[in-house]
Amino acid sequence: METIDRAIRGLPSCLALEHWHQAEILVSGPDADDFLHRVSTAPLRGVPPGVGRRMLFLDAKGHVKAAATGWKRAEGWVLETEREQAEKLVTHLEWFHIRERLEIRDVSRDWRKIVLVGDAVESTVRGITQSPPQFSANSTGLAETRLDLNLPKQQDQPTDLPPANGELRNQAIAWARRLDQLVLPVWQLVLPVWQEGHVGARLQTTAQVVSQDECKWLRILFGVWLFGQDVTEERLGPEVTDDERVIGLNKGCYPGQEVVARVVSRGHVNWRLRGLSFSSDTNLAAGSEIFLDSKKAGWLTSVAGVPGTHLAVGLGYLRREFDAPGEILLTDVGPVGVHPLPFRLAFPG
């Protein structure tokens, strides 16, 4: 099988992915840390501002009800999730919110996002800011920092903003998020809505601007699963990941914790979400099942072709006896490489 190296080498030094469709849920207040620590799978107590954590929200039977990436700030946490799932996440959190001193708010309409990918990401961001971005020295994974943008003059700023955005008009504040991917540097810019056009115009001169849909293969490569597609309410938390930063094994009680503990003590789950690679000639698509020796080995949840190659990559679930990252499965449709998430540069075959 071909490797993905050719496609990676063929990318421009900086890609800008517009219209990154994800919601922002703000959980703020004195009890925000303790509350999210108790209702999510992630160990969150003591996490300093500027650090990110992925987390799942389970029901009592251990099934995934919602998923998010949380970004710790001084006032609490910002939870990033699929826009279609925002209302469900807010409802889930409000179900557990009783007397805690906190507020849960969907602030998505106030913010826009642009994802930057490539070796020149940092220099590209420096070109639109007043000072170089500085991430926490203690943060080696997901990290967030505040940006002071170079903005147009006050008279050039839009005046037709909706009321909810009025408080942002005089701010030059945005956020940069660094994702912990291994194949390429990936940053996310989170901008007040009125800054999107200005920043987008600046990026036109320093980055190749593409749509999110054009780079679906990169989302898969980075192991970014979508709730409602790659992760659904039928899945158990440990089937999605065994990363202890996402599902803490020693953090105490949370919804679904007893089921997770039983899975860990038993030593396995029946299915596990993995990265998969295969020939694009196989015509596999999301929902396709994979068989090996007439036995169902798994199924695919996301698939995309890799530009410039005859390779396709996907996310999908494998039955535990076939879950062997780094190996190649000789399936009924041909060889299928099994990968940890996120993908590594060294691919099977």
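Residue numbers count from 1 along this sequence.
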At what distance, to the nearest 0.5 angstrom, does [atom1] of [X] lie from [atom2] of [Y]?
{"X": "Leu26", "Y": "Glu75", "atom1": "CG", "atom2": "CD", "result": "6.0 Å"}
{"X": "Leu56", "Y": "Thr241", "atom1": "CG", "atom2": "OG1", "result": "7.5 Å"}
{"X": "Leu189", "Y": "Ile128", "atom1": "CG", "atom2": "CD1", "result": "5.0 Å"}
{"X": "Phe322", "Y": "Trp271", "atom1": "CZ", "atom2": "CH2", "result": "8.5 Å"}
{"X": "Leu93", "Y": "Lys88", "atom1": "CG", "atom2": "NZ", "result": "13.0 Å"}
{"X": "Ser265", "Y": "Leu249", "atom1": "OG", "atom2": "CG", "result": "11.0 Å"}

Would you check if there is a donor-acceptor pair between the side chains of [Y] and [X] at a distance under 3.5 Å?
{"X": "Glu94", "Y": "His97", "answer": "yes"}
{"X": "Asp119", "Y": "Ser13", "answer": "no"}
{"X": "Gln22", "Y": "Thr81", "answer": "no"}
{"X": "Arg219", "Y": "Ser302", "answer": "yes"}
{"X": "Ser211", "Y": "Glu214", "answer": "yes"}

So do the side chains of [X] and [Y] get within less than 4.5 Å of each other, counting heavy atoms only?
{"X": "Lys296", "Y": "Ile290", "answer": "no"}
{"X": "Leu147", "Y": "Pro133", "answer": "yes"}
{"X": "Glu122", "Y": "Pro185", "answer": "no"}

Exercise. Go through Leu142 and Thr69 one step at a time and tell me if the side chain to side chain contact (heavy atoms under 4.5 Å, CB included) criterion holds.
Key: CA-CA 9 Å; Leu142 296 169; Thr69 301; 4.0 Å; yes
Treating Ile, Leu, Val, Met, Phe, Trp and Tyr as nodes and any side-chain heavy-atom pair under 4.5 angstrom as an edge, say whether [X] and [Y] lie in one connected cluster.
{"X": "Ile104", "Y": "Val39", "result": "yes"}
{"X": "Val269", "Y": "Val64", "result": "no"}
{"X": "Ile328", "Y": "Phe291", "result": "no"}
{"X": "Leu315", "Y": "Leu226", "result": "no"}
{"X": "Phe343", "Y": "Leu273", "result": "yes"}

Exercise. Would you kindly check if the NZ (Lys) or CZ (Arg) of Arg73 is within the cone defined by 45 degrees around the ring axis of Trp175 and under 6.0 Å from the six-membered ring centre?
Key: yes
Exercise. Could you tell me whether Arg38 sits above the aromatic face of Tyr254, with NZ or CZ closer than 6.0 angstrom to the six-membered ring centre and within 45 degrees of the axis?
Key: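 Because its charged atom misses either the 6.0 Å distance or the 45° angle limit, Arg38 does not stack over Tyr254.
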Salt bridge or not between [X] and [Y]? Use side-chain N to carboxylate O under 4.0 Å.
{"X": "Lys72", "Y": "Glu144", "result": "no"}
{"X": "Arg272", "Y": "Asp242", "result": "yes"}
{"X": "Asp31", "Y": "Arg99", "result": "no"}
{"X": "Lys61", "Y": "Glu233", "result": "no"}
{"X": "Asp323", "Y": "Arg274", "result": "yes"}
{"X": "Asp332", "Y": "Lys295", "result": "no"}

Quiz item: Taking it one step at a time, do Leu203 and Leu116 satisfy side chain to side chain contact (heavy atoms under 4.5 Å, CB included)?
Solution: CA-CA 10 Å; Leu203 290 175; Leu116 302 177; 4.1 Å; yes
Are any side-chain N or O atoms of [X] and backbone N or O atoms of [Y], one a donor and one an acceptor, separated by less than 3.5 Å?
{"X": "Lys251", "Y": "His37", "answer": "yes"}
{"X": "Thr331", "Y": "Val336", "answer": "no"}
{"X": "His63", "Y": "Leu236", "answer": "no"}
{"X": "Arg53", "Y": "Leu44", "answer": "no"}
{"X": "Lys216", "Y": "Val303", "answer": "yes"}
{"X": "Ser280", "Y": "His310", "answer": "yes"}
{"X": "Thr41", "Y": "Val246", "answer": "yes"}
{"X": "Glu80", "Y": "Ala23", "answer": "no"}

Quiz item: Going through the checks in order, is the side chain to side chain contact (heavy atoms under 4.5 Å, CB included) test met by Leu36 and Phe96?
Solution: CA-CA 10 Å; Leu36 287 174; Phe96 291 98; over 6 Å; no
For [X] and [Y], work out which heavy atoms get closest and say how close.
{"X": "Ala285", "Y": "Leu300", "result": "O-CB, 3.7 Å"}
{"X": "Ala60", "Y": "Val259", "result": "O-CG2, 3.7 Å"}
{"X": "Gln85", "Y": "Gly228", "result": "NE2-CA, 4.2 Å"}
{"X": "Val190", "Y": "Ala174", "result": "O-CB, 3.3 Å"}
{"X": "Cys14", "Y": "Thr124", "result": "SG-OG1, 3.6 Å"}
{"X": "Gly70", "Y": "Leu79", "result": "CA-CD2, 3.8 Å"}

Practice problem: Please work out which of the three classes, parallel, tilted or perpendicular, describes the rings of Tyr317 and Trp299, given edges at 30° and 60°. | Solution: parallel
Self-check item: Arg45 atom CZ, neighbour heavy-atom count above 12 within 6.0 Å
Solution: yes
Practice problem: Could you tell me whether Glu321 atom CD has more than 12 heavy atoms of other residues or ligands within 6.0 Å of it? | Solution: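 Check passes, neighbour count above 12.
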Quiz item: Are Trp187 and Phe135 close enough that their ring centers fall under 6.0 Å?
Solution: yes
Quiz prompt | Worked check of side chain to side chain contact (heavy atoms under 4.5 Å, CB included) between Val199 and Leu149 | solution = CA-CA 9 Å; Val199 173; Leu149 296 179; 3.9 Å; yes
